[in-house]
Each structure stands twice: as structure tokens, then as C-alpha cells.
Amino acid sequence: MKICVIALIFALILAISSASRINYSGNLVLRAIPETPEQLEFLRDWESASSIDFWILPAAVKQFADIRINAESYANVTQLLAERNISHKILIVDLGQLNKKEQQNIALRRALYNGNKAIDVENYHTYEEVMAYLTDLANTNPIVSLKTGGTSEEGRDIVQAIISSDLSANKPVHFFDCNIHSREWITGATCIWIIDQITSGYGSDPEITALVDQYDWKFIPIANPDGYAYTWSTDRNWRKTRIVNNGSACIGVDVNRNFLAGFGGTGSSGDPCSNTFRGNVAFSEKESSALRDLIAADRGRVKTAVSMHSYSQMFLSAYGYTTDLPPEYPEMFRAMEIAVGALTATYGTKYTYGNTAVTIYIASGVTTDHYYENEGIVHSYTIELRDSGTYGFQLPPDQIVPTAIETWNGLKAMINAI
Ligand SMILES: *[C@@H]1O[C@H](CO)[C@@H](O)[C@H](O)[C@H]1NC(C)=O
Ligand SMILES: *[C@@H]1O[C@H](CO)[C@@H](O)[C@H](O)[C@H]1NC(C)=O
Ligand SMILES: *[C@@H]1O[C@H](CO)[C@@H](O)[C@H](O)[C@H]1NC(C)=O
Ligand SMILES: *[C@@H]1O[C@H](CO)[C@@H](O)[C@H](O)[C@H]1NC(C)=O
Ligand SMILES: [Zn+2]
């Protein structure tokens, strides 16, 4: 009875809060596969010069690109693809249904949660809820402290959770940024689950205790707070920040194209309407500047720097902006091989791995290249978490724990091997 009442209340809250949300009913996600360099070029140009929403960017010949479209443009888009002989299939038939199901799943888990933490770390949460959880953790657990790296364009704190058993010891650091791309909810959820794992295991789990005694752990669970808040309030599929671009009606900068490492090159757009808009100059954005300053504060101590993204199940190293390989690539490759080996051994989830530019696509101005090139961090990686397209960004909450467990296993194996 109690559960029913709570469920009803949450359903009501969600119904009210969803009133202003974009209704994606009838939207589809297409998977297109370019077979020739010309077809690839066409898809890239299209992405770069329009507001068309690529979920997976065109990467290489024979690699799929996922495109979200509304029902009205289906005929036009499929005709456009057909004219260039680009084959496609429908990956997601009705995004509206997927969004609705996601809201229901989240509400149901909320209603059933009876733990004693500020949030259920096995569910998705708003920016405010995540901040409340971190504050509570810092107030109650002596190894946790919070640092504000800056504020977002709309004034939200960009918070780093620091887990350290002795801050004055200046131990080697493992650094994580999550949810730079706001719609990639599984990334923040994975970071929060790992934070919870480490903080609740310290002192009781010997493996965790050793990892905390040896290292400092630093997480930015929501690196793009404005975009993230917007995915909850209005548009579940928002990727960029929410800055008003001068001289354009289009909103937002792609933070992960705004770093000073090959800034302005291929795989980023100069068009404010594009989902990969890089901004006018490197570090023009408060969000990228905050990350730059947070990682620079630990210069010389950061042993691994991991940027969490989704989706497509990939483990990626420098470089993103050029197909040239870094001199340390053999060591990077070895580390990725170990990480992916342990990750896949957990539940069989298949990952590909290698340098970003070849494995996925050329992307310039990205965190991983900045951390490597400007901060000298060899073990700097981007992880593209689950899944491979069944749910895309709307990964159901019941996949948070398995995703986090396999990722954590991969990271631990890597950290122990480097
Ligand atoms: C979204 O639009 C569809 C079709 O117009 C409608 O059936 C559905 O109820 C709407 N969903 C919400 C949450 O408003
Ligand atoms: C489809 O293409 C036609 C011709 O280019 C254009 O007039 C129309 O606005 C397009 N429709 C949509 C929904 O984009
Ligand atoms: C598409 O394929 C047809 C038949 O193979 C060919 O005639 C046509 O030139 C192709 N078009 C493009 C744009 O490649
Ligand atoms: C916006 O762009 C216009 C025209 O380029 C320029 O004059 C103005 O100073 C810019 N404003 C800001 C806030 O950058
Ligand atoms: Zn991303």
C-alpha cells in the first residue's frame, strides 16, 4: 500500500515535471553505413554544417553512424541517403516510447528505494540530487572532500569529489570527468557508483583500502551541469552546454571540442548549430576552463585521466586530432588491452580499443589529447560505455550496476598494471 502511494506521488511529480519536456514521440534513430570515402565525406559535411543530431558521428568507411530524426523528416532524410547510395536501417523505432519507459523505470526504482544514502546510487538523478549526495558524503565520510573547479555559464558549481586518506601526502591521482556530454547519463551514474564503491569499501574491503592508501581519487560526476539540468527539465537528448552563441540562434558549445589540443581541426565544427560546435577559441567556455584548472592543480601527480562517454563500447587513447601515434602508444595499448580484457571478462561485454583517430574518428580539441599533450599524462583515455545502440543514451537504470562493475574491473586491472 505504502509503495503504491509513493509510486503514485512520483508518477504525479514526473507527469508535472515532464510537461515542458520535448516530446520525442515518432522520432527514430537510423543507422547509416558509408561504404565509400565520398559517402563518408557527405555524412561528415552534413553533420558539421547542420543541426542534424548524430548520436554516433560518422567515423570511417564501413563503420555505422547513428542519426536521430523526427517523423516528418524521415522521407527527406532517407531520400538524401538513397541518392548517395548510403544504406541504412532503423535502430530505434520510437524514441518517445523509450523516453517514457525511462521515466517510468526511474520513478519505479525511486519508489522502491529504502536505503539510507542521500540517493540510490543504482538509479539516475538530477544535478541537485547528485550535489546533495556528494555534500552528504563529504559531511559524513572523513576521506571525502569537495572542490569547486568553477561555475557553469548558468552559475552551477562544477564539483570535484576527492577521495583521499591523507591529502597532505600528495599521492598519485586518478582523475575522472563524467557527463561532459549531458545526455550520456550512464557516465555520471557510473562515476557515482564508483565513488560509492570506494567510499563504502574503505576500511572493510582490503582491495579498496589498498587503492585508497596508495592513491588519491578525483571525480567530476557532472562536468557540464547546465546541459545536464536541461536534459532533465526539457530535452533528454541535449549534448552541449547551454551558452547563448553570439550572432546565432543556436545554443551551446561542445565542451569536448573546446580544449587546446588540435583545436579547430577536423572532427569539430565552426557552426554554432552543429552538435560538435567547438566555440570560437580554445577554453572559451567556463566548463572546459574548469576542467583544465582542476587537472592542472594536480600537475605531475595524475597517473590516469579518464573521460567517460557513451555509447559504443570503446576504450580510446590519444591522439584524437591526428592519426599519428604518440611515442608512448605501445604502453597505452598495453594498458587498454588489460583494461578491456578485465572489463569483457566480467559479463562478456565486447569493447574495441585503440587510438581515438583511427578506432573511432578524428576529433580535435578533446580532453584526452589535452591531458596527454599539455599535462603529460600518458595514461589518458576516453571510455565510451554501454551500449551498442539498442537503447543508445537511454540506457535503462537496471544496466547502471553491470556497466559500472565491468568498467571498474577494467580500471582496477589497468591501474594495477601500470
Ligand atoms: C507525446 O506525443 C504523442 C503523440 O502526439 C502522445 O500520444 C503522447 O501522449 C505525448 N507524450 C507526452 C508525455 O506528452
Ligand atoms: C523536405 O524537403 C523539401 C524539399 O527540399 C522541403 O521543402 C521540406 O521542407 C523538407 N521537409 C522537412 C520536414 O524537412
Ligand atoms: C548509386 O548506385 C547506382 C547503381 O549502382 C549508380 O548508378 C549511381 O551512380 C550511384 N550514385 C552515387 C551518387 O554514387
Ligand atoms: C557579438 O558579435 C558582434 C559582431 O561580430 C560583435 O560586434 C560583438 O562584440 C559580439 N559580442 C560579444 C559579447 O562577443
Ligand atoms: Zn560523449
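Throughout, numbering of the chain's residues begins at 1 and tracks the sequence. First listed ligand is number 1; within each ligand, the first listed atom is number 1. What's counted below: heavy atoms across the whole structure, side chains too, no hydrogens, waters or symmetry copies.
Looking only at N/O/S atoms, His181 comes nearest to the Zn ion (ligand 5) through ND1. Looking at His309, its N, O or S atom nearest to the Zn ion (ligand 5) turns out to be ND1.
Between Trp232 and Trp185, the distance from one ring center to the other falls under 6.0 angstrom. A ring-centre distance under 6.0 Å is found for Phe175 and Tyr371. Taking the six-membered ring for Trp and the full ring otherwise, Tyr228 and Tyr127 have centroids separated by 6.0 Å or more.
Because the distance cut-off is set at 2.8 Å, Glu384 fails to qualify as a neighbour of the Zn ion (ligand 5), as none of its N, O or S atoms comes that close.
Applying the 4.0 Å criterion to heavy atoms of Ser25 picks out, from ligand 1, the atoms 1 (C), 2 (O), 3 (C), 4 (C).
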Tell me, with the steps shown, if Tyr311 and His181 meet ring pair (Phe, Tyr, Trp, His ring centres under 6.0 Å).
CA-CA 11 Å; Tyr311 58 98; His181 291 143; over 10 Å; no
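Atom NZ of Lys100 has 12 or fewer neighbouring heavy atoms from other residues, nucleotides or ligands inside a 6.0 Å radius. Counting non-hydrogen atoms of other residues, nucleotides and ligands closer than 6.0 Å to OH of Tyr391 gives a total of 12 or fewer.
When all heavy atoms are compared, the tightest approach of Gln214 to Pro172 is O-CD, 3.6 Å.
Ring planes of His174 and Trp217: tilted class, angle from 30 to 60°.
Among protein residues, Glu83, Asn85 come within 4.0 Å of ligand 3, judged on heavy atoms.
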